[in-house]
Amino acid sequence: MDIATVKRYINTWVEENKEEFIQCAMYIFNNPELGMQEFKAVKALTDVAARHGFTIETGVAEMPTAFVATYGTGKPVIAFSVEYDCLPGLSQKVSAVKDPVFEGGPGHGCWHNILGTGALQAGIAFRHAMEKFGFSGTIKIFGTPGEEICVGKAFMARAGLFNDIDAVVDWHPVEGLTLIGRGSNAYFSKYYHFKGKTAHGNAPWKGRSSLDAAILMGHAAEMLREHIKPGKDSPNNYNYSFSDVGPEYPCIVPDRSSIWFVGRFNTTEIMLDFLERLDKCAEGAALATGTTVTPELVTALHEKIPNTTLSLVMHENYLAHGQFQITAKEQNFVKELQKNAGYEPVGLVQKEAPPATLDTPVSDISEYSWHAPVAMFRPAMFPGPTHHWTITATAGSSIGQRAIGYAAKILAESAVDLALTPGLLAKAQAELRERLNGRVYASLIPDHITPPVDANRHAMEKYKT
Ligand SMILES: [Zn+2]
């Protein structure tokens with residue numbers, strides 16, 4: 001089978017079928033949903049997949065907004081990864097001036113409406129190529145909720161949903177520099193809930209302050225900072241905030257206080273060592289204040305294992321298409337946005353980093369990478385730093401809409417290379433085995449912990465349309 005012919009077919013298919021996917025992305029843009037509450041998005045995305053002959057399973061891994069769409073049978077099993085959650089506070093119209101749809105409401109400030117639909121179109125284009133040219137294999141499109149809270153894939157991996165995958169082709173738009181095939185840090189999110197005893201503020205000796213405990217734990221964690229390894233490619237670091245302190249009145253000694261930690265570490269090993277010591281900080285704070293503490297792990301991820309073999313495949317397909325293009329009018333829109341956001345109005349700047357560049361953001365796609373080779377295409381498409389209202393403004397614009405097909409082609413073509421080039425998949429998998437060096441995947445989330453399906457439920461209720 002001639003690979004170039006299959007790729008040409010994919011290109012034409014993506015162009016001819018773009019409207020269905022743009023509509024899907026715009027529907028998700030106009031109905032932004034926070035992590036674990038993405039019911040409308042899941043319906044829209046799975047409706048499209050079902051129309052193209054995929055078998056849909058929703059509610060997987062104990063999460064109502066997680067799904068797997070499957071097509072075909074046998075090997076290889078090629079996976080595409082779909083995300084669709086938005087971010088709090090980033091509501092914005094497609095306008096160059098800051099103009100939220102809902103003041104303080106959620107919005108697609110990370111383009112997940114575009115990236116989810118782009119990955120979906122890639123999987124579906126690949127499926128039509130499979131049928132047209134008669135090659136075999138299985139396509140799995142994973143619908144992964146709550147990416148912004150690093151939840152979906154961690155629980156899907158724990159449920160064994162990634163056990164049989166052979167490769168994952170993925171993407172995420174970024175700012176400035178086109179990157180392919182990076183690693184990422186291990187990550188955790190964990191609460192410590194302190195319980196004390198209330199007393200009137202004028203007789204505090206009768207109370208035991210949960211807030212004192214939480215503050216003391218924060219202080220202990222600060223002391224700990226200099227005693228953790230600094231990290232190689234990016235710093236090992238962590239942040240925390242206080243929440244749920246009450247009663248919310250200074251004249252009562254508080255009996256409930258939580259401190260919420262998130263952290264990023266170069267390796268799982270360093271992170272687990274840190275978490276052990278962080279637990280001790282909590283216990284020490286409780287002991288010192290006469291309170292009790294209950295830890296609650298929300299999620300934990302391994303570091304991502306990069307794959308140069310697969311990244312180079314994706315890089316070749318990217319080179320064949322060149323950088324993402326936008327029109328002069330769109331470039332003006334981007335400059336306006338940048339000006340209004342207080343950035344240098346330079347327009348969309350696109351530079352290219354060498355393939356398989358390593359740096360270290362955090363993403364739950366790391367959980368795929370312990371099961372199969374993963375490549376992530378990160379095209380420069382954002383007008384500025386991510387998680388910002390300017391990103392929401394472009395997520396609903398013609399720039400975002402065009403990005404869907406551009407990414408879909410590069411992802412689907414990379415899948416074609418994997419399926420049809422003899423020995424390529426085996427080479428990528430051998431690289432993964434070598435990098436894992438005998439380590440095997442084991443979920444970092446204990447069995448008794450259930451996914452935080454109620455996260456954001458309350459926040460979403462305020463913005464129901
Ligand atoms: Zn994102």
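Whatever order the structure lists them in is the order used to number ligands and atoms, beginning at 1.
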Practice problem: Please step through side-chain hydrogen bond (donor to acceptor under 3.5 Å, both in side chains) for the pair Tyr71 and Thr138, ending with a clear verdict. | Solution: CA-CA 6 Å; Tyr71 178 86; Thr138 306; over 6 Å; no

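For the Zn ion (ligand 1), the count of nearby protein N, O or S atoms, meaning those under 2.8 Å away, is 3.
Within the structure, every pair that satisfies the salt bridge (Lys or Arg N to Asp or Glu O under 4.0 Å) test and touches residues 78-92, not counting sequence neighbours, is listed here: Glu83-Lys153. Residue pairs that meet the salt bridge (Lys or Arg N to Asp or Glu O under 4.0 Å) test with at least one member in residues 257-275, sequence neighbours left out, are Asp273-Arg277.
Aromatic rings of Phe54 and His52 (six-membered ring for Trp) have centroids beyond the 6.0 Å cut-off, not under it.
Remark: Lys229 pairs with no residue by the side chain to side chain donor-acceptor pair (under 3.5 Å) rule, at least two apart or across chains.
Ion pairing of Lys409 with Glu15 is present here, as a side-chain N (NZ or NE/NH1/NH2) and a carboxylate O approach within less than 4.0 Å.
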